[in-house]
Amino acid sequence: MSDTFTRALARPPAASFAEGLTTADLGAPDLEKALAQHAAYCEALVGCGLELLHLPPDDRHPDSTFVEDTAVIARGAAIVTRPGAASRAGEVHAIRTALAGFFPGLDEIQAPGTVDGGDICEAGEHVFIGLSHRTNEEGAAQLARFLALQGLTSQNVDIRNVPGILHLKSGISYLGDGRMLVIEALAEHPAFSSLTVLRVPRGEEYAANAIRVNDRVLLPAGYPGVEELLRNAGDTLLTLDMSEFRKMDGGLSCLSLRF
Ligand code: CIR
């Protein structure tokens, strides 16, 4: 099984969206299209039974639609992160305010620690923490202590030398029932040896960022190999066009905080 979610926090892309950080080299995103894709994403979460909490767009922070990076929520507790990219540091203020009402003991990653939520992959009682160019060892250690207080074990997975992925969850997704969707470059990693590893076909790496939301799996549209893999595994899929977010290195998981 996997966690049951009842709510999600999301924030539409801002007018400054195209000024955000990216390594994708896929051209500038079209804001109108991104807004439509974001609306469809929110609708899909509502279709999965979630209540959607919307934050207003924030022009001062072009990457602020990627709310997942600003907090980690586990077992009824939450911690606000310290994003690893300087341009994203200010995103946490609105998130802190939004989450405080739900999580009275809201914790915070402290300097010099940095954590991006995209590096945190919860898999049942165990959590994988990506050491990346955004999440450093100090941040990972603080997060591990927070998780331990919630009764969760964790381990680090160093992805700093894995090409083509920004965050750990750009390359893996936990789908529930002991199953992990994993790109080839991480498929043999000893961290995942006790899990059922579903290998992402080459060329479809972007679809490694999927999300299990209650009884469905949300998947980016246009990746037939991964679709087939998951349908054969018995998953109920919902595919979403993510083209404009992909241009900014973002995937499905980044666009919401689910709890
Ligand atoms: C960034 O570079 O921070 C954003 N352009 C993309 C963040 C994607 N977030 C995620 O994968 N969790």
Side-chain angles (χ1 to χ4, degrees), residues 8-31 34 37-38 41 45 55 57-74 78-92 94-95 109 114-122 127-136 139-140 143 157 159-160 162-174 181-183 186 200 205-213 218-220 240 242-259:
L9 181 71
R11 171 169 238 176
S16 58
F17 183 48
E19 293 157 35
L21 303 168
T22 186
T23 58
D25 205 17
L26 293 170
D30 177 312
L31 182 61
Q37 290 176 0
H38 192 269
Y41 174 86
L45 291 182
L55 286 179
D58 175 6
D59 281 358
R60 292 162 309 153
H61 296 104
D63 282 310
S64 55
T65 190
F66 300 118
V67 290
E68 174 185 63
D69 293 320
T70 58
V72 176
I73 302 175
I79 185 165
V80 173
T81 65
R82 241 184 117 245
S87 64
R88 301 198 58 188
E91 290 177 28
V92 297
I95 300 294
I109 297 291
T114 60
V115 170
D116 272 17
D119 280 317
I120 315 307
C121 182
E122 201 181 330
V127 181
F128 299 98
I129 303 175
L131 290 178
S132 69
H133 298 295
R134 300 288 178 87
T135 297
N136 65 17
L143 188 72
V157 178
I159 61 155
R160 287 171 290 194
V162 180
I165 56 171
L166 174 64
H167 291 123
L168 178 61
K169 277 190 292 190
S170 317
I172 68 169
S173 296
Y174 186 65
L181 184 63
V182 186
I183 56 170
L186 287 169
V200 173
E205 285 77 8
Y206 179 72
N209 184 265
I211 46 174
R212 167 96 182 244
V213 186
L218 273 55
L219 199 67
L240 290 165
M242 290 292 291
S243 65
E244 304 315 294
F245 298 101
R246 186 181 178 194
K247 290 174 182 172
M248 302 309 289
D249 285 345
L252 283 169
S253 71
C254 339
L255 292 181
S256 63
L257 279 163
R258 301 160 297 282
F259 56 103

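Indexing begins at 1, ligand by ligand and atom by atom, following the structure's order. Atom set for the values below is all heavy atoms of this structure, side chains included, hydrogens, waters and symmetry mates excluded. Only a predicted model underlies this, so the values are computations on that prediction, with no experimental measurement involved.
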> If you measure from each non-hydrogen atom of Thr22 to ligand 1, which part falls under 4.0 Å: side chain, backbone, both or neither?
Replying inline: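 Neither; no heavy atom under 4.0 Å.
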> At under 4.0 Å between heavy atoms, which part of Asp69 makes contact with ligand 1: side chain, backbone, both or neither?
Replying inline: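 Near ligand 1, Asp69 shows its side chain, while the N, CA, C and O stay back.
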Do ligand 1 and [X] have nitrogen or oxygen atoms that lie under 3.5 Å from each other?
{"X": "Gly20", "answer": "no"}
{"X": "Asp116", "answer": "no"}
{"X": "Met248", "answer": "yes"}
{"X": "Ser253", "answer": "no"}

>> Can you name the atoms of ligand 1, numbered from 1 with element, that are less than 4.0 Å from a heavy atom of Asp63?
In response: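 Within the 4.0 Å cut-off of Asp63, ligand 1 contributes 4 (C), 5 (N).
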> In terms of atom number and element, which parts of ligand 1 are under 4.0 angstrom from non-hydrogen atoms of Phe66?
Replying inline: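 Close to Phe66: 4 (C), 5 (N), 6 (C), 7 (C).
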> Who pairs with Asp69 by salt bridge (Lys or Arg N to Asp or Glu O under 4.0 Å), at least two apart in sequence or on another chain?
Replying inline: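 With sequence neighbours excluded, Asp69 shows a salt bridge (Lys or Arg N to Asp or Glu O under 4.0 Å) to Arg88, given in chain and number order.
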> For atom 10 (C) of ligand 1, what is the nearest protein heavy atom, given as residue, atom name and distance?
Replying inline: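 Closest protein heavy atom to atom 10 (C) of ligand 1: Cys254 SG, 2.9 Å.
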>> Any heavy-atom pair between the side chains of Ser253 and Arg258 that's under 4.5 Å?
In response: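 Yes, close enough: below the 4.5 Å cut-off.
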>> Please determine whether side-chain contact (heavy atoms from CB on, under 4.5 Å) holds for the pair Leu257 and Thr70, giving the CA-CA distance in whole Å, both sets of side-chain angles, and the decisive distance to 0.1 Å.
In response: CA-CA 9 Å; Leu257 279 163; Thr70 58; 4.2 Å; yes
> Angle class for the Phe245/His38 ring planes (parallel below 30°, perpendicular above 60°, tilted otherwise)?
Replying inline: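 It falls in the tilted class, 30° to 60°.
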> If you measure from the Lys or Arg side-chain nitrogens to the Asp or Glu carboxylate oxygens, is any gap between Lys169 and Glu68 under 4.0 Å?
Replying inline: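 Yes, charged N to carboxylate O under 4.0 Å.
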> So which of Asp116, Thr114, Asp119 actually passes side-chain hydrogen bond (donor to acceptor under 3.5 Å, both in side chains) with Arg134?
Replying inline: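 Only match with Arg134 under side-chain hydrogen bond (donor to acceptor under 3.5 Å, both in side chains): Asp116.
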>> side chain to side chain donor-acceptor pair (under 3.5 Å), that's the test. Do Thr23 and Asp249 meet it? Break it down for me.
In response: CA-CA 7 Å; Thr23 58; Asp249 285 345; 2.9 Å; yes
>> Here's a test for you: under side chain to side chain contact (heavy atoms under 4.5 Å, CB included), which of Asn209, Ile172, Val200 qualifies with Leu181?
In response: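 For Leu181, the side chain to side chain contact (heavy atoms under 4.5 Å, CB included) check succeeds only for Val200.
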> To which of Arg246, Arg134, Lys169 does the heavy atom nearest atom 2 (O) of ligand 1 belong?
Replying inline: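 The option holding the nearest heavy atom is Arg134.
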> Asp249: heavy atom below 4.0 Å from ligand 1, yes or no?
Replying inline: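 Checking ligand 1 against Asp249, which is what was asked, there is a heavy-atom contact under 4.0 Å.
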